[in-house]
Number of protein chains: 2
Amino acid sequence: MIWIKTSDLISLLREKGKKVTPQRLAICQEVFSRDDHPSVEQIYLNLKNKYPTISLATIYKTLQLLKEKGYLQEVGTSNGSVRYDPNRNLHVNLVCTKCGEITDVIPKTLPQMWSVLTSDLGIEPQSQLLNIYYTCKKCGKIGIIPNV
Amino acid sequence: MIWIKTSDLISLLREKGKKVTPQRLAICQEVFSRDDHPSVEQIYLNLKNKYPTISLATIYKTLQLLKEKGYLQEVGTSNGSVRYDPNRNLHVNLVCTKCGEITDVIPKTLPQMWSVLTSDLGIEPQSQLLNIYYTCKKCGKIGIIPNV
DNA sequence: GTAACTGCAAACGCTTTGCACTCCC
DNA sequence: GGGAGTGCAAAGCGTTTGCAGTTAC
């Protein structure tokens, strides 16, 4: 979860020459207050209560904006739709291959080994996406034979 | 690049109770003989010369099959279409954020640090996707101001 | 006041599906 | 021979776009 104050959000948008609209604030607050990896649909459904007229187009446009500015990253797709990750810090996504649930973890050893690795490669990463595919405990317990 | 003999491919398919068709062989050979990360469209165009009647549907179905069986991994999307990686071994994808080119690298230190990391996490990864987003040398040289 | 934003609907493009025909086993 | 696979066309669905009306500044 990324804690961000509304006032900071406003100056963030203004800084970029972008207008601060209620819709944008709502979308940002929704995205950055979650600690999961929502799809556009999930964001839309959650906002529809408070903003009944909000449209998918606006959400797509705002997420596009946040992605371009580097505040958001795509974590891959699940059931055909993109999932977003508000956490741009170095971390690992544990992706359950059965239920699709994504959990963030930051292994203690990760920061140091990652800096060694990237300096070995001689590149300056803008960002990274580290997904580990596994079977989560919940799904591991259930004795369903996967249909593969 | 994954070197795989046609005879191995055939027994691989048979093993899984799948029929060996010329189309499937062609698709497999196309995918596994490349060392880039082709889209469905690229595979289709390359095969159309030799198999003028091959259809996108068949390619989609075959790639789906290979993915289910674990011989292929999605590396994310570029321009709206999925890119596939025939390399299921532990490696890093260097993804240029400007031209979209993807390069595989295997840092010397990676295998050991990765096994430390996963054992720390106490999980058994089925696979992983390690993408590093950067600007490749070709794009870094060109003095275009990114429109972001 | 005006340029940017919203939201609707239509368009778009990648992917999946249904189905008749074909072919591997 | 029979069931699985192919390929065509159509449908599906997430996403983008055009545009008229609205709003932030």
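A, B, ... follow the sequence lines: proteins, then strands. Residue 1 opens every chain.
- Donor-acceptor pairing under 3.5 Å, judged by distance alone, is present between the side chain of A:Lys19 and the base of C:dA3.
- Following rounding to the nearest Å, A:Leu25 (CG) and D:dA24 (P) show an atom-to-atom distance of 11 Å.
- In this structure, CG of B:Leu13 is placed 14 Å from P of C:dC24, rounded to the nearest angstrom.
- Rounded to whole Å, the distance from CD on B:Gln64 to P on C:dC14 is 17 Å.
- Interatomic distance, CG of B:Leu25 versus CG of B:Leu13, reported as 6.5 Å (0.5 Å rounding).
- When the side-chain nitrogen and oxygen atoms of B:Thr58 are compared with OP1 and OP2 of D:dG7, one or more of them lie within a distance under 4.0 Å.
- Nearest-nucleotide positions on DNA chain C for B:Glu41 and A:Lys61 put A:Lys61 closer to the 5' end.
- Atom CG of A:Asp35 and atom CG of A:Asp104 lie 8.0 Å apart (nearest 0.5 Å).
- The nearest whole Å value for the distance from the CZ atom in B:Arg83 to the C1' atom in C:dT15 is 17 Å.
- One interatomic measurement links the two molecules: OH of A:Tyr44 to C1' of D:dC13, which rounds to 15 Å at whole-angstrom precision.
- Counting to the nearest Å, the C1' atom of D:dT6 and the CG atom of B:Leu47 are 14 Å from each other.
- Sparse packing is recorded around CD of A:Glu124, with 12 or fewer heavy atoms of other residues, nucleotides or ligands lying under 6.0 Å away.
- If you take CZ on A:Arg83 and CD on A:Glu74, they are separated by 12.5 Å, rounding to the nearest 0.5 Å.
- Within 6.0 Å of CD on A:Gln29 lie more than 12 heavy atoms contributed by other residues, nucleotides or ligands.
- Heavy atoms of A:Lys18 sit under 4.0 angstrom from primed sugar atoms or phosphate atoms, though from no base atom.
- Distances shown here put every side-chain N or O of B:Gln23 at or beyond 4.0 Å from the OP1 or OP2 atom of D:dG5.
- With rounding to the nearest 0.5 Å, the separation of CD in A:Gln64 from NZ in A:Lys69 is 11.5 Å.
- Put simply, CD1 on A:Ile27 and CG on A:Asn46 are 12.0 Å apart, with the number rounded to the nearest 0.5 Å.
- If you measure from atom CG of B:Leu63 to atom C1' of C:dT15, you get 12 Å, rounded to the nearest angstrom.
- For C:dC25, the OP1/OP2 oxygens have a side-chain nitrogen or oxygen of B:Arg14 closer than 4.0 Å.
- As a whole-Å value, the separation of B:Leu65 CG from C:dT16 P is 13 Å.
- Neither OP1 nor OP2 of D:dC13 sits under 4.0 Å from any side-chain N or O of A:Ser81.
- Relative to the side chain of B:Tyr60, the nucleotides D:dG14, C:dC14, D:dC19 differ in distance, and C:dC14 lies closest.
- For the segment residues 49-56 of chain A, the set of residues with a heavy atom within less than 4.0 Å of an atom of DNA chain C comprises A:Thr53, A:Ile54, A:Ser55, in numerical order.
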